[in-house]
Every structure is written in structure tokens, then in C-alpha cells.
**Q** 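My questions will all concern the structure given below.
Reminder, nothing fancy here: chain letters follow the sequence lines and each chain counts from 1.
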Amino acid sequence: MTGPRFRFAPSPTGFFHVGGARTALWNWALAHSQGGTFVLRVEDTDAERNRPEWTHGIIDALAWIGIHADDPHFEGPYFQSEYADQHVAAAEQLFAEGHAYYCDMTGADIEARNKAEGTQGYQGWSRDRGLGPGPGHALRFRVPSGVTLVHDLVRGDVEFDNALIEDFVLLRGNGSPMFLLANVVDDAAMRITHVVRAEEHLPNTPKQQMIWEALGHEPPVWAHVSVLVNEARKKLSKRRDKVALEMYRDEGYLSAAMVNYLMTLGWAPKGDVEIQPWDRMQTDFRLEDVNHSSAFFDLKKLAAFNGEYIRALTPRQFLDACRPWLFAPDAPFPADRFEESVFLAMAPVIQPRCVTLADAAAVVDFLFLADPVIDADAWAKATATSESVGVLRDTLDAYELLAHWSAEPLKAVLEAVAVAHDLKPGKAQAPIRVAITGRTVGPPLFESLEQLGRHETLRRLRAAMATLG
RNA sequence: GCCCCCAUCGUCUAGUGGCCUAGGACACCACCCUUUCAAGGUGGCGGCACGGGUUCGAAUCCCGUUGGGGGUGCCA
């Protein structure tokens with residue numbers, strides 16, 4: 001695949017951050033719309049932290065949001081720690097050409113010197129000492145004087161005064177490469193043309209750009225996108241916030257809804273409609289249109305998107321999407337009592353009642369339970385009126401004789417019973433509903449009775465009446 | 001401390017000098033529909049942070065203030 005090359009570089013922290021997912025999606029859209037490549041590089045210079053299981057998690061999570069490793073636009077994954085030799089070689093080149101120098105000062109040394117001189121940070125103290133490599137000698141970049149101009153596709157030109165950038169470390173005292181260096185070397189080696197990443201990296205960009213230039217390469221196109229924040233407008237963090245993409249998948253969010261929602265954080269499709277198919281967003285997405293300010297990750301809006309996507313599913317798709325929760329160990333009914341045909345028939349009335357796929361099982365649990373779990377308070381309340389017992393008995397009698405067991409006649413019968421007891425047609429269903437479903441709220445009653453069947457409906461009504469004594 | 005970024009309804013956004021009496025979505029409220037709960041329909045509430053410029057005209061351009069965020073590691 002020729003064309004521009006976009007790199008996506010998560011760190012293997014054991015989960016996939018929703019903010020990272022958005023950046024991945026944007027890189028993915030760009031790679032496709034520009035006929036380029038999405039390069040996945042799992043970044044950590046420490047091989048110890050490149051845990052295979054974490055990496056698999058990243059690849060699974062990417063696949064969930066539609067970024068598949070077998071897509072022709074996908075390249076990788078690469079593992080940064082495997083390229084340590086190249087990182088060190090680049091550092092040595094920088095030293096040989098005078099762009100870097102060795103320094104033997106420890107953190108304590110620097111602190112002491114600053115205290116003595118009333119300065120702050122590292123003041124390039126070893127610049128002209130002519131030190132060579134050796135144990136405890138860190139390699140520092142010799143930051144040139146002048147200014148570094150970073151051209152950023154979303155922010156425009158940002159100017160940094162080099163005098164304010166200290167000579168940063170390239171190689172640690174033990175010889176291992178630092179992230180900043182490794183990052184640039186990898187990007188250059190992989191011929192990355194566009195670096196689209198979170199805004200938090202912007203202040204370090206001049207340093208990286210200087211490394212690119214010192215290494216003799218043309219820097220890539222930079223694009224720093226804003227971060228996602230929580231209610232306190234702080235960057236989403238693992239400790240405080242629910243940031244793992246996998247968590248949303250496990251809780252029953254549809255990937256299409258998540259993808260659509262993530263795309264609208266910091267960017268909006270043309271027109272006034274936010275819910276858009278991926279193909280459309282993929283071709284319309286432009287970095288130049290991305291917002292400059294941080295965005296709040298709003299669970300309520302995500303839920304609304306998810307509800308919309310759930311309602312748009314066909315019954316079959318809905319059933320298939322719900323399976324993991326329907327057959328989970330903690331499902332509200334035994335798996336062997338589940339009936340696909342019943343669920344499929346009920347799907348159109350279940351879907352509008354679900355925020356997540358996980359909600360479905362609880363909406364229809366009574367259909368697949370040997371006996372409904374009767375809520376005592378609900379039952380007491382539903383049978384508190386003087387008419388309720390009569391309604392129950394008359395309905396039972398009428399249902400025993402009903403010719404066609406389907407929603408319409410079931411409804412007509414109950415309405416007639418209600419009127420006979422001086423109630424408004426729609427007001428008699430509470431005791432029936434509780435007797436059948438165990439609760440006062442739930443899916444439409446008559447469709448439920450139709451699916452439950454005459455035998456079971458009558459059995460439940462009799463059982464419930466028996467408790468009244 | 002120093003550096004950088006940011007600033008439109010509560011939230012996500014549209015807006016690139018006149019189409020703006022600032023549009024849409026989520027949330028919230030009311031009403032309608034109705035068989036409970038939803039969903040759906042209709043309507044409502046609600047915003048250009050502040051102060052100076054520039055201009056015939058500013059949400060839009062410039063400067064400042066304030067507020068928020070991020071960076072500043074021999075972390076990534």
C-alpha cells in the first residue's frame with residue numbers, strides 16, 4: 001500500500017483507552033480516505049511491559065471498533081522494544097555528529113548544582129566536557145539555539161523558543177533508549193508521514209522535531225488532537241474514570257454506537273445529523289475540521305446513541321447481539337428454557353426498552369422462567385383495590401374460553417372485564433401484569449401473554465389468585 | 001515558577017466578517033400518543049467568559065484579562 005502512512009501508537013497498559021480509540025478511529029478514517037496505511041506500533045521501550053496478553057487486548061479492542069488487522073490498510077503490529085538496537089544506533093550517530101553529548105550527572109548532582117547556582121532544570125553543564133560513553137553516562141541531546149516551528153494540522157503553527165528546552169536525555173546511564181528517541185527512530189524507519197496523537201504530546205513535539213532534523217529526516221505532518229475529559233474537565237484517567245473500551249463492549253454497548261459517538265467528540269459530520277454510517281464519516285473526516293478544545297465523554301449521550309443503534313437492529317441481529325447476556329451464567333433464567341422464536345417475536349417491543357444489550361434479558365425474563373419472581377410490594381399494591389380480585393377471576397374465566405389466543409382478543413377481553421367492573425378500559429391490567437410478570441412495569445402485556453401461551457398464562461393467574469386466599 | 005494549548009446552551013457541536021433574532025444533538029421540563037415502562041411526536045428552557053480594539057458591520061480578526069487543561073523525568 002502506497003500513500004500516506006499514519007501511525008497509531010498505544011502503550012500496552014493492559015486496557016484500551018476510549019481516548020485512544022478515538023485517535024485510532026481518526027487515523028483509520030484518514031488511512032482509508034487517503035488510500036494510505038494505518039501502522040500499529042505498540043510502544044514501550046521496556047520489553048518487560050510488552051506483555052503479549054495486553055497486546056492481544058489492544059488488537060481485540062481495535063477489531064471491535066472495526067479496525068481489523070487483516071485489512072489491506074492495516075500494517076503491524078510492531079513492538080517498539082524489539083527495535084532497541086536501532087534506537088541505540090541512532091543515538092550513537094547523533095553523538096558522532098555532535099548533536100548529542102554524554103553526561104555523568106545524577107539527579108542529585110543536578111539538584112545540588114541548581115541549589116548552589118539558584119537555577120532550575122538541567123543547564124547543559126556537560127556540553128563541553130568531552131565525556132564519552134560509559135557506565136552511568138547518559139546521552140543528552142544538544143538543543144541548538146533559535147526557535148523550533150511546529151506546523152500542526154489542527155492547531156496551525158506553534159513556535160517554541162529552544163532556549164527554554166533543556167538538553168534532554170536520549171540514552172539512560174544504563175544505555176537504554178528513552179521514549180522520545182525511540183519514537184522518532186521508529187517513525188522515521190517506518191516512513192510515517194502523519195503523526196496524529198493526543199495534545200499532551202504537543203509540548204514535546206519540538207524535541208522530537210529536532211531529533212528528526214538532526215537525524216537528517218524531513219519531520220512528519222503533525223496533528224495534535226485534544227484530549228477527552230471527565231466531568232471535572234480533567235484528562236480521563238484509569239483510576240477515576242471508566243475509560244477501558246473493553247468495559248463498554250462487555251456492558252452491552254454496540255461497537256457502531258461507540259464508534260459513532262467517539263467520532264462526534266471533537267468533530268461533527270456535515271449537516272445536522274450526528275448519527276451517521278461509518279462509511280460516510282470515514283470519507284468526510286478531515287483533521288482540519290477537528291475542534292481545538294477538549295471534550296467531555298458523556299455517558300448519557302453514549303447511552304442515547306446506543307439506544308438508537310439497538311432500535312435500528314433487525315430482530316435477528318438483536319438476538320445475535322444479545323446472546324452473550326442471554327446465556328451468561330448470571331442470566332435471569334436458565335439457558336435451556338430460552339426460546340428463540342419467543343424472543344424474536346418480542347424483539348420489536350424489547351428493543352425500545354434497552355439502553356444496552358445487557359438490559360434485554362431482564363425485560364423478558366418472565367417468559368423464560370418456570371415461575372415469575374413476584375415482587376411482594378407490587379402484588380400487594382396491584383391487588384389492593386376492591387375490584388382487583390374480581391378482575392382477576394373474570395379475566396381467568398374469560399381467557400379459559402378465548403377462541404383465538406392472540407394479543408388483540410386478549411386485550412379486548414380484559415377491556416370488557418374492566419368496564420364490567422366500572423373501570424376505564426385500560427385500567428385493569430395491573431393485577432394481571434403482576435401475576436404474569438411479577439412486576440408492575442414491563443413490555444406490553446398482551447403481546448407477552450400471547451407468547452407465554454394459554455396454558456402458562458392460566459396457570460400463573462390461578463397460582464397468583466391462590467395466594468390471595 | 002517557566003512553556004504550550006484551549007474558551008459558542010449544563011454537555012457534544014454547527015458557525016471561517018453580513019445568510020445569526022446563533023442552528024442541531026444529548027440531558028431537563030411540558031403536552032400528545034398510550035396498556036404499565038419505554039419508544040415516538042410536538043413544544044419549551046438554555047449559550048457566543050470578560051474588557052478593549054479593527055470594521056459600515058464581529059460568535060467569527062487583533063490585543064489584554066480571567067478561567068480551564070496539558071507539559072516541564074535517566075516515565076511512556
**Q** Just the rounded figure in Å: distance from C1' of C37(B) to CG of Asp375(A).
**A**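 Rounding to the nearest Å, CG of Asp375(A) and C1' of C37(B) are 14 Å apart.
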**Q** Would you indicate what Arg433(A) reaches in the nucleic acid, counting non-hydrogen atoms under 4.0 angstrom: base, sugar-phosphate, or nothing?
**A**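 Arg433(A): base contact, heavy atoms under 4.0 Å.
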**Q** Would you tell me whether Ser448(A) and Gln451(A) have side-chain atoms, one donor and one acceptor, within less than 3.5 Å of each other?
**A**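 Per modelled atom types, Ser448(A) and Gln451(A) side chains form no pair under 3.5 Å.
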**Q** For C61(B), what is the paired nucleotide under Watson-Crick or G-U wobble rules, both distances under 3.5 Å?
**A**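 Per the H-bond distance test, G53(B).
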**Q** Given atom CG of Asn114(A) and atom P of U72(B), what is their separation to the nearest angstrom?
**A**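 Between P of U72(B) and CG of Asn114(A): 17 Å.
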**Q** Does a distance-only test, which skips hydrogens and angles, find a donor-acceptor pair under 3.5 Å between the side chain of Glu200(A) and the base of G69(B)?
**A**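 Checked by distance alone, the answer is no.
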**Q** Is the distance from OP1 or OP2 of U35(B) to the nearest side-chain N or O of Lys411(A) less than 4.0 Å?
**A**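 So the side-chain polar atoms of Lys411(A) do come within 4.0 Å of the phosphate oxygens OP1 or OP2 of U35(B), strictly under.
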**Q** Touch check for Gln429(A), heavy atoms < 4.0 angstrom, all strands: base, sugar-phosphate only, or nothing?
**A**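 The residue Gln429(A) makes base contact.
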**Q** Given atom CG of Leu228(A) and atom P of C5(B), what is their separation to the nearest angstrom?
**A**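 To the nearest whole Å, that distance equals 21 Å.
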**Q** Using only modelled atom types and a 3.5 angstrom limit, is any donor from either the side chain of Lys270(A) or the base of A14(B) paired with an acceptor on the other?
**A**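 Side chain to base: no pair present.
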**Q** Below 4.0 angstrom from OP1 or OP2 of G69(B), is there any side-chain N or O of Lys234(A)?
**A**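 Affirmative; the distance criterion is met.
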**Q** Measure distances between side-chain N and O atoms of Lys301(A) and base N and O atoms of C12(B), and say whether any donor-acceptor pair falls under 3.5 Å.
**A**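 Yes, the side chain and the base share a sub-3.5 Å donor-acceptor pair.
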**Q** Does A76(B) have its OP1 or OP2 closer than 4.0 Å to a side-chain nitrogen or oxygen of Thr45(A)?
**A**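 Affirmative; the distance criterion is met.
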**Q** G73(B) P sits how many Å from Asp167(A) CG, rounded?
**A**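 In whole Å, G73(B) P lies 12 Å from Asp167(A) CG.
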**Q** In the structure shown, which nucleotide is the Watson-Crick or G-U wobble counterpart of G1(B), with both distances under 3.5 Å?
**A**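 U72(B) - that is the nucleotide pairing with G1(B), both distances being under 3.5 Å.
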**Q** OP1, OP2 of G73(B) versus side-chain N and O of Arg140(A): anything below 4.0 Å?
**A**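 No.
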**Q** Any side-chain N or O of Asn291(A) under 4.0 Å from OP1/OP2 of A7(B)?
**A**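 No, no such contact exists.
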**Q** Would you check if there is a donor-acceptor pair between the side chains of His87(A) and Asp186(A) at a distance under 3.5 Å?
**A**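 Result is yes, a qualifying pair exists.
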**Q** Contact class for Glu274(A) (heavy atom, under 4.0 Å): base, sugar-phosphate, or nothing?
**A**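 Contact class for Glu274(A): base.
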**Q** Under a plain distance cut-off of 3.5 Å, with no hydrogens placed, do Gln80(A) and Asp44(A) share a side-chain donor-acceptor pair?
**A**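 On atom types as modelled, these side chains do not qualify, holding no pair under 3.5 Å.
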**Q** Can you measure Leu262(A) atom CG to U13(B) atom C1' for me and round it to whole angstrom units?
**A**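 Taking CG of Leu262(A) and C1' of U13(B), I get 15 Å after rounding.
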**Q** Mind checking who A7(B) pairs with, Watson-Crick or G-U wobble, both distances under 3.5 Å?
**A**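 WC or wobble partner is U66(B).
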**Q** Would you say Thr205(A) and His224(A) are linked by a side-chain donor-acceptor pair, where the criterion is simply a distance under 3.5 Å?
**A**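 His224(A) vs Thr205(A): donor-acceptor pair found between side chains.
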**Q** Test ring-ring contact (aromatic ring centres under 6.0 Å, His included) on Trp405(A) and Tyr399(A) and set out the steps.
**A** CA-CA 8 Å; Trp405(A) 190 262; Tyr399(A) 279 179; 5.6 Å; yes
**Q** Heavy atoms under 4.0 Å, any strand shown: does Met105(A) hit a base, just sugar-phosphate, or nothing?
**A**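 Result for Met105(A) = base.
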